[in-house]
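First up is the structure itself, then whatever we jot down about it.
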Amino acid sequence: MTLDRCEGLAETARALAAGKVTSRALVERTLARIEATQGGLNAFRIVRAEAALAEADAADRELAAASGRAHQPLLGVPVAVKDDMDVAGEPTAFGCCGEFPPVAEDGEAVRRLRAAGAVIVGKTNTCEFGQWPFTEGPAFGATRNPWSTEHTPGGSSGGSAAAVAAGLVPAALGSDGAGSVRIPAAWTHLVGIKPQRGRVSTWPRGESFQGITVNGTLARTVADAALLLDAASGNHVRDPHQPPRLDVSGAVGRDPGRLRIALSLKPPFTAVPARLLPEVRARVVELAERLAALGHFVEEADPPYGQIGLTFVPRATAGIAERVGEAPFPALLDRRTRDAARLGRLLGGAPLRAARRAETVLHRRIGEFFTSYDVVLAPTTAAPPPRIGALLELSGFATDRAMIAACPYAWPWNVLGWPGVNVPAGFTPDGLPVGAQLLGPANSEPLLVQVAAQLEAELRWSEKWPTPPVTARSAAA
C-alpha cells in the first residue's frame, strides 16, 4: 500500500484559505494515514476520528463564510498533540497503564491551538511520565522510527516525532523536560523547538516538573515549527512564567548578520561517562563548517556548566514524585518510575530549594558566556537512535547510564529555561538521522530560527523523506 504524505503546515493553511481543499478532506486523509500506519509506527495513543471530523466541518463553515481567517492562522489544519496535554473529553494517561477518566477542559496550549483554528486529530504516544529518550511501554507497546522501524524515534515526544516524520500530520506539539522535543527531532530528521520557559503554557501545571519541562513544536521545516509555536504561545493568567510575546514566524528568513557561534562538543559533567560518537561528531562539525561558510565566526568553546547536574536531579525526580502521587494506578507504574519518585521525595525539601535557588547563579554565569558568543552549536545527542527494546527492560541505574551516554547534551537548557532548536544534521553511514542544537540565552527564539532557516535554505533537509512509507505490513516484514 502506498500512502500520500501531508503538505507542510503553512502550505496547508494557505490551501485551505484559498479554497483549494476542505478541512474535512484533509482530516479524512490524515485519519486514513494514521489508520494505515498505526500497526507499524504506533504513533498515536488516541485518535479523535469522530470529533476531528466534526471540528473540520465547523472549520469549513467558517472558511466558507470567510470569517476568522485573519485571527485563525491554522483554521482547519489537522495537527497532533502529545499525550501529556489535556484535550477536553479525552483521558491524559501520559504513557501510563490503566483507564484514565476524560478531562473536562483543554490545557492552555491546546486551547490556544483551537483558538488558532487547528483541528486536533489525536494524542501521540509518550513514555511513562516522559522520563526516557525512547517511546515504549506496556500501556501502548513501542512507537517506531519511520526511518528505521527497528529503532526508536526517541522520547519522550516520540509519538509526535514519528507522526510528523512519516507525514501523517504536518506538525505536532511535544514537551521537553530534558531534551524530549529536541532528541526525537534529531532522531527523526525534524526541526524541534524547545522555547523559553513559559512561552507555551503548560497549564493546568504552571510549573511542570519543577519548571524544567516546557511545551514545544516538531515540524519538517523551520517555518512550520515557528508557525505552530506562535499559534500555541501565550499564557494562562495564573502562569508563573510569562515571557514577552514574540513573533517567531516573522524572524524566519531574516538575515541574522554575522554571528559569533561557539561549537561545543564536550558533554556537560555527569556522574557517568558520555562520549560523542565519531559519526555524530562528523555531522555536527559539518554544520559548523557550513555556518562558517555562511559568514559566521565559529570556534570551539564550551559554556561554563560547572556542576549543573546537581540542580537537575532534584527538580526532575521531585516532579516525578508529584506525578506518581497523583497517579490513579500506582501499582501499574514501571519500577524505575517508583524508584525515581522515592528519590524525589527524599530530595524534595532542602535539596530542591537549593536547586531552584542555583538557577539564578547559573543564569548569571552562563549568561556571561553570551557576551562573547551569540549562539551555541552543540550535538543534540551523542549517539544515533537505539534499537527498539534496548532500554526497555534495564534496571533504573542501567537505564540512567544508557540514557546519559546517548543523550548528555540537551538537559542543561531545561535547567536554564532558555530556548533551543534542533536542526537535522544528516545521517550516519547506516542511514540513521542525527541532529544538532542551536542554543541561546533568554528569549532568543527569533535569532535561533534565523540561523536554523539559513541552514535549511542551504541543506534543504525537508526534501528528504523516509522511504518507503511505513504501513502495518511493511513494518512487520
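Residues: numbered from 1 along the sequence shown. Note: hydrogens, waters and symmetry copies are ignored here, and every other heavy atom, side chains too, is used.
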- Message: Given 3.5 Å as the limit, does a donor-acceptor pair link the side chain of R460 with the main chain of E456, or not?
- Response: no
- Message: Keeping T428 on the side-chain end and L432 on the backbone end, is there a donor-acceptor pair under 3.5 Å?
- Response: yes
Is [Y] close to [X] at the side-chain level, that is, under 4.5 Å between some pair of heavy atoms?
{"X": "T337", "Y": "V324", "result": "yes"}
{"X": "I120", "Y": "V81", "result": "yes"}
{"X": "P256", "Y": "Q454", "result": "yes"}
{"X": "L228", "Y": "L113", "result": "yes"}
{"X": "E322", "Y": "Q210", "result": "yes"}

Salt-bridge criterion met for [X] and [Y] (N-O under 4.0 Å):
{"X": "R197", "Y": "E207", "answer": "no"}
{"X": "E279", "Y": "R283", "answer": "no"}
{"X": "R24", "Y": "D57", "answer": "yes"}

- Message: side chain to side chain donor-acceptor pair (under 3.5 Å) for T92 and K123? Distances and angles first, verdict last.
- Response: CA-CA 9 Å; T92 303; K123 304 184 72 179; 3.2 Å; yes
- Measure the spacing between OG1 of T381 and CH2 of W187 and express it to the nearest 0.5 Å. 5.5 Å
- Query: CZ/F44 to CZ/F140 distance, rounded to the nearest 0.5 angstrom?
  - Reply: 13.5 Å
- Query: Taking it one step at a time, do D84 and S175 satisfy side chain to side chain donor-acceptor pair (under 3.5 Å)?
  - Reply: CA-CA 8 Å; D84 62 342; S175 60; 2.6 Å; yes
Atom [atom1] of [X] with >12 non-hydrogen neighbours under 6.0 angstrom:
{"X": "E286", "atom1": "CD", "result": "yes"}
{"X": "E326", "atom1": "CD", "result": "yes"}
{"X": "R245", "atom1": "CZ", "result": "yes"}

- Let me see the working for D239 and S201 under side chain to side chain donor-acceptor pair (under 3.5 Å), right down to the final yes or no. CA-CA 7 Å; D239 274 336; S201 177; 2.7 Å; yes
- Correct closest heavy-atom pair for A161 and L218 would be CB-CD2, 4.0 Å
- Note on the structure: On a heavy-atom basis, the closest approach of L455 and R290 is CD2-CG, 4.0 Å
N/O donor-acceptor pairs under 3.5 Å from side chains in residues 436-444, not counting sequence neighbours:
{"unit_1": "Q437", "atom_1": "OE1", "unit_2": "R182", "atom_2": "NH1", "d": "2.8"}
{"unit_1": "Q437", "atom_1": "NE2", "unit_2": "P379", "atom_2": "O", "d": "3.1"}
{"unit_1": "Q437", "atom_1": "NE2", "unit_2": "Y409", "atom_2": "O", "d": "3.1"}
{"unit_1": "N443", "atom_1": "OD1", "unit_2": "R199", "atom_2": "NH2", "d": "2.9"}
{"unit_1": "S444", "atom_1": "OG", "unit_2": "P441", "atom_2": "O", "d": "2.7"}

Cut-off 3.5 Å, side chains only: do [X] and [Y] have a donor facing an acceptor?
{"X": "Q196", "Y": "H241", "result": "no"}
{"X": "S249", "Y": "D230", "result": "yes"}
{"X": "N125", "Y": "D83", "result": "no"}
{"X": "S156", "Y": "S180", "result": "yes"}

- Criterion side chain to side chain donor-acceptor pair (under 3.5 Å) on R33 and T30, from CA distance to verdict: CA-CA 5 Å; R33 287 191 292 266; T30 300; 3.2 Å; yes
- Query: Would R336 count as a cation-pi partner of W132, with NZ or CZ less than 6.0 Å from the six-membered ring centre and within 45° of the ring normal?
  - Reply: yes
- With R220 as the cation and W461 as the aromatic partner, state whether NZ or CZ is under 6.0 Å from the six-membered ring centre and within 45° of the axis. no
- Message: Is there a side chain to side chain contact (heavy atoms under 4.5 Å, CB included) between L16 and L63? Walk through the geometry before answering.
- Response: CA-CA 8 Å; L16 281 162; L63 287 161; 4.0 Å; yes
- Take the angle between the ring planes of F312 and W411 and call it parallel below 30°, perpendicular above 60°, tilted in between. tilted
